[in-house]
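Taking it in order: structure first as structure tokens, then the write-up.
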Amino acid sequence: IVCDTANAPRIDDQRYANGQALIKIDHHPAIDQYGEINYVNTEASSTSEIIFDFITHFNDLSIIDEHVARVLYLGIVGDTGRFLFSNTSTHTMEVASQLLAFPFNHNAELNKMSEKDPKLMPFQGYILQHFELSDSHEYCQIRITNDILKQFNIQPNEASQFVNTVADISGLKIWMFGVDEGDQIR
């Protein structure tokens, strides 16, 4: 079972190919239907919301304990940008509310989610000093080349942690954060 991965090349671990069959569960638009069973719900905020809905559909809430609630909640929080993105629905909030009823320290977990390695902070400064903003302030772009990654001694996945750094610019409607991964721009 592979979750929250729109296309096969983005799957972290190649062991998925060792199974007899593959089930894909995702909320991203269906780019690559790589599973024998593909359950894709683009109306869901996150794959965590989909999994919660599976559990409730099969009336199996007893399998949710504080550990399961914690990871499902964090999945929703991450994919909704802390409930700021347009994929946050009333249903999303209802699911999150039910998960918060379990005894885990959601404040501590949210704080952990936003922690960054101190070695990455100069890179964040670079982004704040080098983003390109349109005259209307509606569009912003940041290009992270391989040279910049080398300059700050970071990997592309570390750079991607800063995709929302400029999101709070007043009037901004869209931003592009492109990272050179060698064989592709992500």
Side-chain angles (χ1 to χ4, degrees), residues 1-58 64 68-99 110 113-114 127 131-134 136 138-145 149 155-169 171-186:
I1 300 173
V2 176
C3 297
D4 204 24
T5 308
N7 58 338
R10 294 180 92 177
I11 301 171
D12 286 342
D13 186 326
Q14 298 307 306
R15 289 180 293 172
Y16 77 92
N18 296 338
Q20 288 182 351
L22 176 62
I23 299 172
K24 171 188 174 182
I25 304 171
D26 198 11
H27 68 110
H28 298 101
I31 295 169
D32 179 1
Q33 298 291 65
Y34 53 80
E36 281 74 27
I37 298 173
N38 292 283
Y39 185 87
V40 178
N41 179 358
T42 58
E43 298 297 311
S45 70
S46 59
T47 300
S48 293
E49 184 177 312
I50 293 169
I51 291 171
F52 181 88
D53 288 344
F54 281 165
I55 293 168
T56 56
H57 175 79
F58 291 108
I64 299 180
V68 172
R70 180 183 140 276
V71 296
L72 290 176
Y73 178 77
L74 293 175
I76 292 170
V77 168
D79 274 349
T80 61
R82 296 180 181 236
F83 307 108
L84 294 174
F85 298 161
S86 62
N87 63 347
T88 303
S89 67
T90 55
H91 180 65
T92 304
M93 299 305 280
E94 290 165 3
V95 170
S97 173
Q98 290 180 56
L99 295 170
L110 292 174
M113 279 183 78
S114 59
I127 293 168
F131 64 85
E132 298 172 38
L133 187 62
S134 68
S136 67
E138 293 180 347
Y139 174 76
C140 182
Q141 67 180 4
I142 300 110
R143 294 183 207 137
I144 306 302
T145 63
L149 293 173
Q155 297 301 311
N157 65 321
E158 292 174 311
S160 68
Q161 293 177 38
F162 295 91
V163 67
N164 294 318
T165 298
V166 298
D168 296 332
I169 294 175
L172 191 64
K173 293 186 177 172
I174 189 168
W175 66 96
M176 188 282 304
F177 189 91
V179 180
D180 183 352
E181 293 188 348
D183 59 339
Q184 66 180 342
I185 303 294
R186 184 169 171 197

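Keep in mind that the numbers below use all heavy atoms, side chains included, and drop hydrogens, waters and symmetry copies.
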Show, in sequence, the C-alpha distance, side-chain angles and deciding distance for D53 and H91, and conclude whether the side chain to side chain contact (heavy atoms under 4.5 Å, CB included) test is met.
CA-CA 10 Å; D53 288 344; H91 180 65; 2.8 Å; yes

So which heavy atom on S89 is nearest to which on E49, and how close?
OG-OE2, 4.5 Å

Nearest-0.5 Å distance that lies between atom OG in S48 and atom CG in D4
7.0 Å

Find the distance between OG1 (T165) and CD1 (I127) and round it off to the nearest 0.5 Å.
4.5 Å

Interatomic distance, OG1@T47 vs CD1@I25, rounded to 0.5 Å, equals 7.5 Å

Kindly check if the number of other-residue, nucleotide or ligand heavy atoms within 6.0 Å of CD1 (I169) is above 12?
yes

Got a second to check how far T56's OG1 is from E94's CD, nearest 0.5 Å?
11.0 Å

Using a 6.0 Å cut-off, check whether atom CD of E43 has over 12 heavy atoms from anything other than its own residue.
no

Value rounded to 0.5 Å, distance of CG in D180 from CZ in R186:
13.0 Å

Heavy-atom closest contact (F177 atom, S160 atom, distance)
CE2-CA, 4.2 Å

Closest non-hydrogen atom pair, I50 against A44:
CG1-CB, 3.5 Å

For a side chain to side chain contact (heavy atoms under 4.5 Å, CB included) check, start with the C-alpha distance between V68 and F52, then their side-chain angles and the critical distance, and finish with the verdict.
CA-CA 10 Å; V68 172; F52 181 88; over 6 Å; no

Which pair of heavy atoms, one from D79 and one from N87, lies closest together, and at what distance?
O-ND2, 3.0 Å

Do side-chain atoms of R143 reach the backbone of E132 as a donor and acceptor pair under 3.5 angstrom?
no

Under the 3.5 angstrom rule, does the side chain of S97 hit a backbone N or O of M93 as a donor-acceptor pair?
no

Yes or no on side chain to side chain contact (heavy atoms under 4.5 Å, CB included) for V179 and V163, after CA distance, side-chain angles and deciding distance?
CA-CA 10 Å; V179 180; V163 67; over 6 Å; no

How would you list all residue pairs meeting ring-ring contact (aromatic ring centres under 6.0 Å, His included) that involve residues 24-44, not counting sequence neighbours?
Y39-F54

Kindly compute the distance separating CD1 (I76) from CZ (F83), expressed to the nearest 0.5 Å.
6.5 Å

Atom of L22, atom of V2 and distance for their closest heavy-atom approach
CD1-CG2, 3.4 Å

Any side-chain to backbone donor/acceptor pair from T88 onto S86? Under 3.5 Å, distance only.
no

Can any side-chain N or O of W175 pair as donor or acceptor with the backbone N or O of I142 at less than 3.5 Å?
no

If you take all heavy atoms of P156 and L149, which pair is closest and at what distance?
CG-CD1, 3.9 Å

